[in-house]
**Q** 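I am attaching a structure below and will ask some questions about it afterwards.
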There are 2 protein chains.
Amino acid sequence: MTSVQKLPARGRLLAAAEDAFFSRGIRATPVDDVLRAADVSAATLYAHFGSKDGLVAEALRVRLAEWQAVWDQCVVRAGSDLDRLLAVFDALAAYRERQPAARWCAFLAAATELPDAGDEIAGVLAADTELLNERLRHFARPLAGDRAADLADDVVLAYNGTLAAYLRGYPASPIETGRRVAAAAAAAY
Amino acid sequence: MTSVQKLPARGRLLAAAEDAFFSRGIRATPVDDVLRAADVSAATLYAHFGSKDGLVAEALRVRLAEWQAVWDQCVVRAGSDLDRLLAVFDALAAYRERQPAARWCAFLAAATELPDAGDEIAGVLAADTELLNERLRHFARPLAGDRAADLADDVVLAYNGTLAAYLRGYPASPIETGRRVAAAAAAAY
DNA sequence: GTCTATACGCGGATAGAC
DNA sequence: GTCTATCCGCGTATAGAC
């Protein structure tokens with residue numbers, strides 16, 4: 001059996017990065033803050049990730065994988081076509097419980113804060129959008145047939161609106177409102 | 001009659017600030033860039049606005065006033081209760097034509113980029129949210145009666161989702177999708 | 001792989017003259 | 001009110017040792 005080990009520096013950096021970047025803000029968080037939180041030296045960070053952007057990109061990759069897993073579970077638990085389409089809101093509720101300090105979506109935040117993001121970061125953002133788009137189109141098909149793409153657009157928009165609501169502090173119950181709006185959109189098909 | 005005059009430094013600064021901050025990003029834009037675009041010295045900027053944040057706050061105030069005026073006009077042109085509620089999407093279309101380079105909503109961008117914004121900036125952001133909330137609740141009343149607050153929440157969410165769509169580059173026709181979603185929400189009351 | 005120490009550029013802000 | 005010139009701190013990144 002293995003003994004209890006200190007999490008390696010790389011993992012500590014990623015954990016600290018996720019915590020700081022996606023709650024206090026990416027640009028608002030100096031590298032030094034992450035280093036102190038992770039109890040790691042600057043040289044180690046640059047040895048592993050090459051740059052602050054590299055660390056951001058890797059933190060986003062981790063987040064995308066985790067988000068996808070949570071969403072998967074919520075889809076499995078859904079009992080109808082409509083519930084499967086709306087499961088993305090259940091996933092959002094579940095995912096947010098993990099990091100209540102997060103102000104809103106890490107991917108949209110990155111897109112806003114880093115308008116000139118390099119290929120690495122831009123790639124992860126594109127992958128997130130693609131995942132959202134592709135899956136929702138799939139779940140929309142049994143409900144909207146050949147208009148599935150439109151319904152998927154509607155749900156993506158409601159989803160983004162839910163995320164932005166956290167940012168604005170209004171509406172007060174973003175997920176509840178978002179789910180209601182998405183359901184109303186689906187009812188129109 | 002007055003002769004043609006060069007726009008004073010203060011006005012040039014605001015114009016340059018709006019252009020740069022809300023298309024390239026606030027944090028991504030150094031003060032020097034604004035100064036060069038406005039052809040004004042640093043000392044003048046600080047004499048007028050005190051700080052970069054002060055300039056941002058004033059640029060946001062200008063923007064809020066302009067946005068409000070555009071929205072007003074679209075409401076006047078609307079021919080039904082539903083059209084008045086959805087006029088916010090027409091206003092968005094009209095407003096965006098003024099500055100196509102803008103990546104998304106200046107207020108949501110400021111909230112994201114400046115999580116520790118001072119009272120001045122925070123106040124303008126709150127005023128924007130309040131305007132949105134108060135007006136939409138008013139327009140929702142004839143359609144939803146005592147559930148007007150819920151319908152207003154729905155429309156705000158669709159509106160924010162529309163703005164976020166520009167950021168994500170998806171859905172492809174944000175305003176069209178947003179209006180459709182908001183209309184579906186209204187139909188449920 | 002990780003550390004200590006340091007270099008270096010950039011960005012916000014100010015002093016003082018006109 | 002506006003300019004020229006300059007200061008200063010902060011944040012990213014690197015050099016070199018262990």
Side-chain angles (χ1 to χ4, degrees), chain A residues 2-3 5-60 109-110 112-121, chain B residues 2-60 109-110 113-121:
Chain A
T2 62
S3 61
Q5 289 179 9
K6 191 181 177 187
L7 197 66
R10 187 190 150 88
R12 296 205 309 277
L13 278 170
L14 280 173
E18 171 163 10
D19 182 49
F21 288 155
F22 306 140
S23 53
R24 275 182 287 153
I26 299 171
R27 294 191 95 125
T29 302
V31 171
D32 285 14
D33 284 12
V34 177
L35 294 174
R36 228 174 300 113
D39 195 32
V40 164
S41 77
T44 302
L45 187 158
Y46 288 94
H48 279 288
F49 302 102
S51 67
K52 179 178 178 177
D53 273 12
L55 177 58
V56 171
E58 187 59 25
L60 285 172
T112 306
E113 294 193 71
L114 311 172
D116 303 323
D119 294 347
E120 210 185 347
I121 289 177
Chain B
T2 61
S3 60
V4 175
Q5 288 179 8
K6 190 181 176 187
L7 196 66
R10 187 191 150 89
R12 296 205 308 279
L13 278 170
L14 280 172
E18 171 163 10
D19 183 49
F21 288 156
F22 305 139
S23 53
R24 276 182 288 152
I26 299 171
R27 294 192 94 123
T29 302
V31 171
D32 285 14
D33 284 12
V34 177
L35 294 174
R36 227 174 300 114
D39 195 30
V40 164
S41 77
T44 301
L45 186 158
Y46 288 94
H48 280 287
F49 302 102
S51 66
K52 179 178 179 178
D53 274 12
L55 177 58
V56 171
E58 188 59 25
L60 285 171
E113 293 192 71
L114 312 172
D116 303 322
D119 294 348
E120 210 184 349
I121 290 176

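These numbers were taken from a predicted model, which means no experiment stands behind them.
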**Q** Using whole Å, what does the distance between atom P of nucleotide C:dA13 and atom CG of B:Asp33 come to?
**A** 15 Å

**Q** Tell me which residues in residues 21-32 of chain B lie within less than 4.0 Å of DNA chain D, going by non-hydrogen atoms.
**A** none

**Q** Side chains of A:Phe49 and A:Val56: closer than 4.5 Å at any heavy-atom pair?
**A** no

**Q** Quick one: does any side-chain atom of A:Lys52 pair with a main-chain N or O of A:Tyr46 as donor and acceptor, under 3.5 Å?
**A** no

**Q** Any residue in residues 42-52 of chain B with a heavy atom nearer than 4.0 angstrom to DNA chain C? Just list them by number, or reply none.
**A** B:Ala42, B:Ala43, B:Tyr46, B:Ser51, B:Lys52

**Q** Please enumerate all residues that pass side-chain hydrogen bond (donor to acceptor under 3.5 Å, both in side chains) together with B:Ser51, with sequence neighbours excluded.
**A** none

**Q** Is there a side-chain contact between A:Glu120 and A:Asp53, using heavy atoms and a 4.5 Å cut-off?
**A** no

**Q** Under the rule for side chain to side chain contact (heavy atoms under 4.5 Å, CB included), what residues qualify as partners of B:Asp33, not counting sequence neighbours?
**A** B:Arg24, B:Thr29, B:Pro30, B:Arg36

**Q** Run the salt bridge (Lys or Arg N to Asp or Glu O under 4.0 Å) test against B:Glu113 and tell me which residues pass, sequence neighbours left out.
**A** none

**Q** Apply side chain to side chain contact (heavy atoms under 4.5 Å, CB included) to B:Ala38 and list each qualifying residue two or more places apart in sequence or on a separate chain.
**A** B:Arg12, B:Leu13, B:Ala16, B:Val40

**Q** By salt bridge (Lys or Arg N to Asp or Glu O under 4.0 Å), which residues pair with B:Arg27, not counting sequence neighbours?
**A** none

**Q** How would you list, by chain and number, every residue that makes a side-chain hydrogen bond (donor to acceptor under 3.5 Å, both in side chains) with A:Thr44, sequence neighbours excluded?
**A** A:Ser41

**Q** Can you list every salt bridge (Lys or Arg N to Asp or Glu O under 4.0 Å) pair that touches residues 13-23 of chain A, not counting sequence neighbours?
**A** A:Glu18-A:Arg63

**Q** What is the 5' to 3' range of DNA chain D, first to last nucleotide, that sits under 4.0 Å from any heavy atom of chain B?
**A** D:dT2 to D:dT4

